[in-house]
Amino acid sequence: VRLKESGGGSVQAGGSLRLSCAAVQYTYTCMAWFRQAPGKEREVVAMLSDNGLTSYADSVQGRFTVSEDSPGTTMSLQMNSLKPEDTGMYYCAADRRFMGIFCTQRLRRGSAADLAYWGQGTQVTVSS
């Protein structure tokens, strides 16, 4: 397992959770958070590049913050003002082929899912 997520759980609407992603043995230049709700397609939530650039899905902009705890190896997702529609399995993904803006622009270009390495996910449940 190259990536391991932690920090998921259950929370009421309006609450907060913090997810972490730890890279095992390798460092990466491009990292991202995805989520998938039951019956829905997987969607990218946020991306983080090696030089600190970030990008966010419109649905989480202003509520979620992605950050690096240790460059290239540990990434966090602070989720505030959670809504029931934020419920889903959250996955960490990473790659070493993309750097800087060539990482974060993949969110808008619809190519974020090309990242090579994926974690097994952590469940987030937001109740109304």
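Reckoned from all heavy atoms, side chains included, excluding hydrogens, waters and symmetry mates.
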Novice: Step by step, work out the side chain to side chain contact (heavy atoms under 4.5 Å, CB included) result for S6 and R18.
Specialist: CA-CA 9 Å; S6 62; R18 186 177 181 89; over 6 Å; no
Novice: Please tell me if the side chains of R63 and K83 come closer than 4.5 Å, counting only heavy atoms from C-beta onward.
Specialist: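 They are in side-chain contact.
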Novice: Drop me the distance from L115's CG to C30's SG, to the nearest 0.5 angstrom.
Specialist: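 These two atoms lie 5.0 Å from each other.
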Novice: Mind checking what makes side chain to side chain contact (heavy atoms under 4.5 Å, CB included) contact with K4, not counting sequence neighbours?
Specialist: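 If we apply the side chain to side chain contact (heavy atoms under 4.5 Å, CB included) test to K4, skipping adjacent residues, there are no hits.
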Novice: Using the rule that two of Ile, Leu, Val, Met, Phe, Trp, Tyr join whenever any of their side-chain heavy atoms come within less than 4.5 Å, decide whether Y28 and Y91 are in one cluster.
Specialist: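 The answer is no; the residues belong to distinct hydrophobic clusters.
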Novice: So, S55 side chain and T104 main chain: donor-acceptor pair closer than 3.5 Å or not?
Specialist: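 Answer holds: yes.
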Novice: Using modelled atom types only, decide if a donor and an acceptor are shared between the side chain of R2 and the backbone of Y117 within a distance under 3.5 Å.
Specialist: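 Judged by distance alone, no pair lies under 3.5 Å.
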Novice: Run the side chain to side chain contact (heavy atoms under 4.5 Å, CB included) test against S70 and tell me which residues pass, sequence neighbours left out.
Specialist: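 Side chain to side chain contact (heavy atoms under 4.5 Å, CB included) list for S70, sorted by chain: T73, T74.
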Novice: Quick one: salt bridge (Lys or Arg N to Asp or Glu O under 4.0 Å) partners of R108, sequence neighbours excluded?
Specialist: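 Per chain and number, R108 pairs via salt bridge (Lys or Arg N to Asp or Glu O under 4.0 Å) with D58.
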Novice: For residues 95-103, which side-chain N or O atoms pair as donor and acceptor with protein atoms under 3.5 Å away, sequence neighbours left out?
Specialist:
residue	atom	partner	partner atom	Å
D95	OD1	R97	N	2.8
D95	OD1	R97	NE	3.0
D95	OD2	R97	NE	3.1
D95	OD2	R97	NH2	2.7
D95	OD2	A116	N	2.9
R97	NH2	D114	O	2.9

Novice: Suppose we screen for side chain to side chain contact (heavy atoms under 4.5 Å, CB included). Which residues come up paired with Q123, at least two apart in sequence or across chains?
Specialist: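 Side chain to side chain contact (heavy atoms under 4.5 Å, CB included) list for Q123, sorted by chain: T87, M89, T125.
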Novice: Identify the two heavy atoms, one from P84 and one from S128, that lie closest to each other, and give their separation to 0.1 Å.
Specialist: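 In this case the closest contact between P84 and S128 is CG-CB, 3.8 Å.
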Novice: Taking the side chain as every heavy atom from C-beta outward, state whether V124 and V126 have any pair of such atoms under 4.5 Å apart.
Specialist: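 In contact.
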Novice: Which heavy atom of G72 sits nearest a heavy atom of A23, and at what distance?
Specialist: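 Closest approach of G72 to A23, heavy atoms only: O-CB, 4.2 Å.
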Novice: Give the minimum heavy-atom separation between A32 and M75, together with the two atoms involved.
Specialist: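 Shortest heavy-atom contact: O-CE, 3.5 Å.
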Novice: According to ring pair (Phe, Tyr, Trp, His ring centres under 6.0 Å), who are the partners of Y56, at least two apart in sequence or on a separate chain?
Specialist: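 Here no residue qualifies.
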Novice: Can you name the residues that form a side chain to side chain contact (heavy atoms under 4.5 Å, CB included) with T122, not counting sequence neighbours?
Specialist: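 Partners of T122 by the side chain to side chain contact (heavy atoms under 4.5 Å, CB included) criterion, ordered by chain and then number, come out as E5, L19, Y90.
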Novice: Identify all side-chain donor-acceptor contacts of residues 37-47 below 3.5 Å with residues at least two apart in sequence or on another chain.
Specialist:
residue	atom	partner	partner atom	Å
E43	OE2	R35	NE	2.7
E43	OE2	R35	NH2	3.2

Novice: Using side chain to side chain donor-acceptor pair (under 3.5 Å) as the criterion, list what pairs up with T65, not counting sequence neighbours.
Specialist: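 Residues passing side chain to side chain donor-acceptor pair (under 3.5 Å) with T65: none at all.
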Novice: Taking disulfide (SG to SG under 2.5 Å) as the cut-off, I'd like each qualifying pair that reaches into residues 56-99, sequence neighbours left out, listed once.
Specialist: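 Matches after skipping sequence neighbours: C21-C92.
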Novice: Is it the case that over 12 heavy atoms from other parts of the model lie below 6.0 angstrom from the CD atom of Q12?
Specialist: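 Counting other residues, nucleotides and ligands, CD of Q12 stays at 12 neighbours or fewer.
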Novice: With rounding to the nearest 0.5 Å, note down the distance linking OG1 in T54 to CG in L107.
Specialist: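 Those atoms lie 10.0 Å apart.
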Novice: Go through F64 and L77 one step at a time and tell me if the side chain to side chain contact (heavy atoms under 4.5 Å, CB included) criterion holds.
Specialist: CA-CA 7 Å; F64 290 12; L77 183 69; 4.1 Å; yes
Novice: Looking at every heavy atom in both S81 and S16, which two are closest together, and how far apart are they?
Specialist: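 What the structure gives for the nearest pair is N-OG, 4.3 Å.
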Novice: Looking at residues at least two apart in the chain, or sitting in another chain, which of them share a side chain to side chain donor-acceptor pair (under 3.5 Å) with N51?
Specialist: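 N51 satisfies side chain to side chain donor-acceptor pair (under 3.5 Å) with S49 once adjacent residues are dropped.
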Novice: Let me see the working for V24 and V1 under side chain to side chain contact (heavy atoms under 4.5 Å, CB included), right down to the final yes or no.
Specialist: CA-CA 7 Å; V24 179; V1 177; 5.6 Å; no
Novice: Please say yes or no: joined through hydrophobic side-chain contacts below 4.5 Å, possibly via intermediate residues, are L48 and L53 part of one cluster?
Specialist: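 Per the 4.5 Å side-chain linkage, L48 and L53 are not co-clustered.
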Novice: Kindly write out the residues that satisfy ring pair (Phe, Tyr, Trp, His ring centres under 6.0 Å) with F34, not counting sequence neighbours, or none if the list is empty.
Specialist: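 F34 satisfies ring pair (Phe, Tyr, Trp, His ring centres under 6.0 Å) with W118 once adjacent residues are dropped.
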